[in-house]
Amino acid sequence: MLTRVLPLSVFRACVAALALAFAALAPCLRAADTNPTQDRADHFLSLVNSSYQALYYVESQAQWKAATDVTPAHDAASETAGKARAAFVGNPALIKETKQLLLLRRELTDLTIRQLERLLLIAAESPMTNPALTTARIEAETAQNSILNSHEFKLAGKVVTANDLDNLLNKSTDLAERRAVWEASKTSGPALRAGLVKLRDLRNGVAKEMGYDDYFALQVASYGVTTDEMLKLNEDFMRVLRPLYLQLHTWTKHKLAEKFKQPVPNRIPAHWINNRWAQEWDGLSAGADLTPFFKDRTAEWVVKSAESFYTGMGFAKMPASFWPKSDLYPVAPGDKRKKNTHASAWHLDLANDIRSLMSVEPNPWWFTTAHHELGHVYYFMGYTRPAVPPLLRNGANPAFHEGFGELTGLAANQVPYLKSVGVLPADFKADQTAFLLNDALSPGIPFIYWSSGVMAHWEADIYAKNLPASEWNQRWWKYVAEFQGIEPPAARGEEFCDPATKTHINDNPAFYYTYAIAQVFKHQLHDHIAKKILKQPPQACNYAGNREVGDFIRKIMEQGQTADWRKLLRDATGEDLSTRAMVEYYAPLLSWLEKENAGRPIGWQ
Ligand SMILES: [Zn+2]
């Protein structure tokens with residue numbers, strides 16, 4: 001579910017830490033016509049914005065080609081375009097002027113400071129103050145991606161795809177077979193280990209070049225926080241949700257022990273769970289399976305219904321070019337073209353060339369995913385306006401983008417909405433607990449312990465604490481045991497490098513806490529919409545056709561990155577980032593689980 005990432009470049013968002021004192025000065029400075037520093041910054045930023053937008057478009061088009069028609073030539077063209085954009089944004093002259101202007105920030109408007117801070121964060125990804133280092137990093141990343149994409153999984157000597165492995169884990173009830181599949185899925189790790197060791201040092205080197213302690217510190221700067229603050233935020237999520245997680249863990253291990261006819265384990269063996277990393281626990285809530293209700297639908301209907309979700313709330317239709325330019329459906333049988341299988345939404349020119357890459361089929365997963373991707377699309381459309389300069393046409397922080405996608409997916413799975421669009425018959429009697437349990441298992445609650453726990457902490461260890469590579473796998477499984485309550489089927493030595501089997505560890509590093517924050521953010525918005533606007537229960541509500549909900553969402557989207565994300569969230573919902581809404585959403589499920597688990601030892605030792 002959470003592989004629905006934006007292209008990397010779109011995600012390279014940032015929110016600068018702003019001194020409010022300077023922001024308060026801005027109005028009087030704006031009023032003064034003759035401010036030579038502001039004039040100098042305006043002139044500089046107008047050149048930078050137009051060049052950035054133009055180069056961004058060239059790179060996005062090359063990336064789009066590489067993603068929709070995978071060939072070595074398209075990959076090479078995409079890398080070249082990436083280098084060109086990097087050479088511009090990381091140019092030493094540009095960095096120098098940006099830094100000099102920021103020294104004079106007292107004389108600049110808030111909007112100007114935001115653009116300059118953002119520019120520095122973009123430059124920090126490819127500082128041409130050290131071209132050899134930057135080039136080495138780009139080349140090492142290309143090499144790592146190539147190993148990742150071309151790795152051949154084998155099962156009993158036969159080549160299988162990652163999808164084959166997933167399908168087997170979804171279906172098989174034979175534990176010996178499941179273990180063989182799970183172990184096969186981990187064979188990419190050793191192949192990726194050396195590259196990851198090298199990349200850790202190159203990425204840390206790049207971050208240091210611009211004055212950051214390490215690469216993790218550079219990534220969390222997008223939120224205007226330090227590494228410790230980011231880890232604390234994620235630990236707080238886990239602390240508050242822990243009673244629910246322990247109940248879910250207990251219920252799940254009993255359910256799986258029954259399914260596989262095994263004694264109830266202390267920690268859950270990793271190969272018992274359908275997901276290769278146990279990040280989501282799908283397929284355990286039979287009463288919420290919507291598959292039969294999509295049999296008379298078409299893939300086109302699925303995408304159109306996602307657009308209607310937004311137009312019904314008063315949003316414009318998507319640009320007409322969206323339909324012919326996007327790549328929305330599976331490659332036709334017999335067509336040799338290979339396309340990237342990850343669903344994504346693209347803002348190619350940071351204006352009206354907006355597209356989506358999907359392979360939509362009429363089923364519940366694609367129904368949710370299409371709504372999710374259009375959440376991104378409507379965010380792009382919202383902040384594409386003259387008041388938002390191209391440098392700030394981005395989510396208020398990276399989690400806001402993912403959060404709007406996830407919010408749309410959550411709203412699309414509410415039973416009253418499903419009835420109103422005709423997926424479910426009007427007289428359908430929903431088992432509310434089954435639906436809530438389904439939400440909680442995937443992505444819901446286990447995902448937090450995977451993203452806030454294992455992923456965030458392990459990556460902080462390797463980047464910020466320089467954990468020796470000889471301890472990487474041991475540390476990984478220590479976190480899996482502690483945070484997730486999961487264990488491997490047999491001991492995993494250092495030769496395996498299991499973290500590297502996760503795509504994001506290789507190609508979107510020190511970033512994964514973003515998905516946890518997006519889940520928390522999504523629930524805060526949903527809670528506000530359901531309770532304050534719709535006056536309906538958050539577990540069963542319907543956004544369809546409600547203009548007031550549309551206005552609420554649009555107001556946040558329109559800001560892009562022109563305002564601090566904390567202020568936007570507080571203005572919209574009246575509260576800071578908090579798991580309160582998530583806890584309340586699942587409160588009825590917690591009571592149900594406590595009854596189901598009565599008499600069982602809870603959690604693991
Ligand atoms: Zn997304």
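Keep in mind that this is a model prediction, so the values were computed, not measured. As the structure lists them, so they are numbered: ligands from 1, and atoms in each ligand from 1.
Residues K532 and D527 are not paired through a salt bridge, judged by the lack of any N-O separation under 4.0 Å between the basic side chain and the carboxylate.
Just one residue in the list N542, L525, I533 forms a side chain to side chain contact (heavy atoms under 4.5 Å, CB included) with V549, and that residue is I533.
The cationic atom of R554 (NZ for Lys, CZ for Arg) lies less than 6.0 Å from the six-membered ring centre of F315 and within 45° of the ring axis.
Because the distance cut-off is set at 2.8 Å, H401 fails to qualify as a neighbour of the Zn ion (ligand 1), as none of its N, O or S atoms comes that close. For the Zn ion (ligand 1), the N/O/S atoms of E402 include one lying under 2.8 Å.
Of the angles at the Zn ion (ligand 1), the one spanning NE2 of H376 and NE2 of H372 is 100° when given to 10°.
Using the six-membered ring where Trp is involved, Y463 and Y215 have ring planes that are tilted, between 30° and 60° apart.
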